[in-house]
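Small disclaimer: the values here were computed from a predicted structure and weren't measured. What's counted below: heavy atoms across the whole structure, side chains too, no hydrogens, waters or symmetry copies.
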Amino acid sequence: MPLSTRVGSARPTLKAGRRSLSVSPVAYLAAGLGVVGLVVGRSLGWVEFVAAGTLLLVLVVIAGLSTIGRSSYQVDLRLGEHNVKVGERAFGSIDVHNVGRRSVLPARIELKVGRGRAEFALPMLAPDATHNELFAVPTTRRSVIGVGPVKSVRADALGLVRREVTWTDREELFVHPRTVSLAGAAAGVIHDLEGQSRNTLSEDDMSFHALREYVPGDDKRTIHWKSSARANKLMVRQFEDTRRTHTAVSLDVFGPHWDTEQSFELGVSVLASFGLQVLRDSMDASLFAGARTLRTHSARALLDDSSRIELPNDQGERPEPRNRRPQATDPASRIAMDAPTCSLAVVITGTTQSRAELSEVAKTLPVGARALFLLCEDGAESVVASRGQVSFATLGALEDLGRVLRMAVVA
């Protein structure tokens, strides 16, 4: 009999519930003691041992019989939303429909939510009857919460024998980080789409710079014939190189660089806010979080990837020397390797590194790119300092991000 699962919309049909039977170690112990009690009691004529052994075996048999029964359910799992922001309410529902011709006995429904588990009592259902349960998912922190699978459980009161039938697959609820709009705040930091002029000369670009004498190997299409006639020698056009705006933002996921979890969450929110703004402005962007490259083809994909970012479980360890850190997880190295032509490089990190250390880090960023180091410390005063093309900003609240960017431009 076909069984289906739906989350918000129609989902693939499950042909049958996945069944499993588990017997607890206590049940095996009770059965063993029961057999021993019967054998010893009969051989020695001890009525007490026979009674105790018989009682234990009867309990095990009753526990096994309590799991007997066919479950003819169709179970639908629905989530109101698959994507919510931190703090928003997320609701779901479970519909259990008896598709059989006979009534089914009461059972228990279990729903795994994240690392926890919700339980619902399922009453006896007559043929074609439906039971509905509503549930809420806590969204107090950014994460990807697994919802499901939904299982029906039959078990005895002592928990000796347990039979499970899994009716749905696991679904994911994305709890997105908080973000702020940076419209207008990044003007002057993120330049216009036509390109930022550089002091590098090029043989082929859009910005004319000067004429020079022809040398073998030059493209003949760049010859300026009028000037060549006047100078009585071949002259070619030379151009000033331009660069299309490309913003690279890299989040440090090295645990010892962050003082608190709240500061790291602030860093994730900054990364997502930058990403959303460059998407709104239709600019080229590369977003990194350690070894992970975030998708930038849509806002939803970007926020979903932001929900998956985690710190590794090594926050109590001492930071390794920079020359021993894997380049794949180093924020500045990621930008240098994967976005070498960026015009703006933003490194988001904690406040445990000194300015001298960060100045050394800045040397690994692409040459010619403007660098901005955002040091996130929850509750700290937001201040900005600049050294040439490198700006250092301490950010204490996400709402200050726009002001900090404007200060970085002025500095």
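When atom types are taken as modelled, the side chain of S273 and the backbone of V180 share a donor-acceptor pair closer than 3.5 angstrom. A donor-acceptor pair under 3.5 Å is absent between the side-chain atoms of T168 and the main chain of P149, judged by distance alone. A donor-acceptor distance shorter than 3.5 angstrom exists from the side chain of T352 to the backbone of P256, with no hydrogens or angles considered. The main-chain N or O of P177 is never found under 3.5 Å from a side-chain atom of S269 such that the two would form a donor-acceptor pair.
Closest approach of R141 to V86, counting heavy atoms only: C-CG2, 4.0 Å. In terms of heavy atoms, N98 sits closest to S72 at OD1-OG, 3.0 Å. Contact between A393 and V384 at its shortest, heavy atoms only, is CB-CG2, 3.8 Å. Pairing each heavy atom of T296 with each of A285, the nearest pair is OG1-O, 4.1 Å. Nearest heavy atom pair, residue L358 against residue F373, reads O-CZ, 3.8 Å. Of all heavy-atom pairs between L57 and A31, the closest is CD2-O, 3.7 Å.
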Sequence neighbours excluded and cut-off under 3.5 Å, please list the side-chain donor-acceptor pairs for residues 299-307, or say none.
residue : atom : partner : partner atom : Å
R300    : NE   : N83     : OD1          : 3.2
R300    : NH2  : N83     : OD1          : 3.0
D304    : OD1  : N83     : ND2          : 2.8
D304    : OD1  : H176    : NE2          : 2.7
D305    : OD1  : R295    : NE           : 3.3
D305    : OD1  : R295    : NH2          : 3.0
D305    : OD2  : R295    : N            : 2.9
D305    : OD2  : R295    : NE           : 3.0
S306    : OG   : L302    : O            : 2.9
S307    : OG   : V175    : O            : 2.9
S307    : OG   : L303    : O            : 3.1

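Atom CZ of R280 sits in a crowded spot, with more than 12 heavy atoms from other residues, nucleotides or ligands closer than 6.0 Å. No more than 12 heavy atoms of other residues, nucleotides or ligands lie within 6.0 Å of CD in E381, so this atom counts as exposed by the packing criterion.
Distance check: S24 OG to L158 CG gives 9.0 Å after rounding to the nearest 0.5 Å. Separating the OG atom in S66 from the CG atom in L105 is a distance of 10.5 Å, to the nearest 0.5 Å. Rounding to the nearest 0.5 Å gives a distance of 11.5 Å between CD of Q389 and CG of L372. Interatomic distance, CG of L21 versus CZ of R163, reported as 8.0 Å (0.5 Å rounding). Within the model, atoms CG of L160 and OG1 of T67 stand 11.0 Å from one another, a figure rounded to the nearest 0.5 Å. Atom OG of S93 is separated from atom CG of L134 by 6.0 Å, given to the nearest 0.5 angstrom.
Side-chain contact of R334 with T293: a donor-acceptor pair under 3.5 Å is present, judged by distance alone. S391 and S386 are linked by a side-chain donor-acceptor pair at a separation below 3.5 angstrom, with hydrogens and angles left out of the test. Side-chain atoms of H246 and S343 include no donor-acceptor pair closer than 3.5 Å.
I309 has its side chain within reach of R142: a pair of non-hydrogen atoms, C-beta onward, lies under 4.5 Å apart. Residues F274 and L374 have side chains in contact (heavy-atom distance under 4.5 Å, counting atoms from C-beta outward). Counting only heavy atoms from C-beta outward, the side chains of H257 and E357 never approach each other to under 4.5 Å. Inter-residue side-chain proximity for Q74 and V96 is flagged as unmet; no heavy-atom pair is nearer than 4.5 Å. At least one side-chain heavy atom of P366 sits less than 4.5 Å from a side-chain heavy atom of I335.
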Please lay out, stage by stage, how E213 and L234 fare under the test side chain to side chain contact (heavy atoms under 4.5 Å, CB included). CA-CA 6 Å; E213 188 174 352; L234 291 177; over 6 Å; no

Under the criterion side chain to side chain contact (heavy atoms under 4.5 Å, CB included), I'd like the reasoning laid out for L395 against I348: C-alpha separation, chi angles, the key distance, then a yes or no. CA-CA 10 Å; L395 182 68; I348 305 170; over 6 Å; no

Verify side chain to side chain contact (heavy atoms under 4.5 Å, CB included) between I109 and E133, making sure each step is shown before the conclusion. CA-CA 10 Å; I109 294 293; E133 289 284 352; over 6 Å; no

List the steps, then state whether side-chain hydrogen bond (donor to acceptor under 3.5 Å, both in side chains) holds for D95 with H131. CA-CA 6 Å; D95 293 333; H131 179 75; over 6 Å; no

Apply side chain to side chain contact (heavy atoms under 4.5 Å, CB included) to residues L294 and L271 and explain how you reach the verdict. CA-CA 10 Å; L294 277 63; L271 175 67; 3.9 Å; yes

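Considering only residues two or more places apart in sequence or on other chains, D400 meets the salt bridge (Lys or Arg N to Asp or Glu O under 4.0 Å) condition with R403. In terms of the salt bridge (Lys or Arg N to Asp or Glu O under 4.0 Å) criterion, residue partners of R178 (sequence neighbours excluded) are, by chain and number, E399. Remark: T351 engages D259, L375, E377 in a side-chain contact (heavy atoms from CB on, under 4.5 Å) (not counting sequence neighbours). Scanning for salt bridge (Lys or Arg N to Asp or Glu O under 4.0 Å) contacts around R162 gives E110, E164, with sequence neighbours left out. Partners of R230 under the side-chain contact (heavy atoms from CB on, under 4.5 Å) rule, at least two apart in sequence or in another chain, are K226, S227.
With F288 as reference, S250 is the one residue of S333, S250, P331 to meet the side-chain contact (heavy atoms from CB on, under 4.5 Å) rule.
Ring planes of W258 and F264: perpendicular class, angle over 60° (limits at 30 and 60°).
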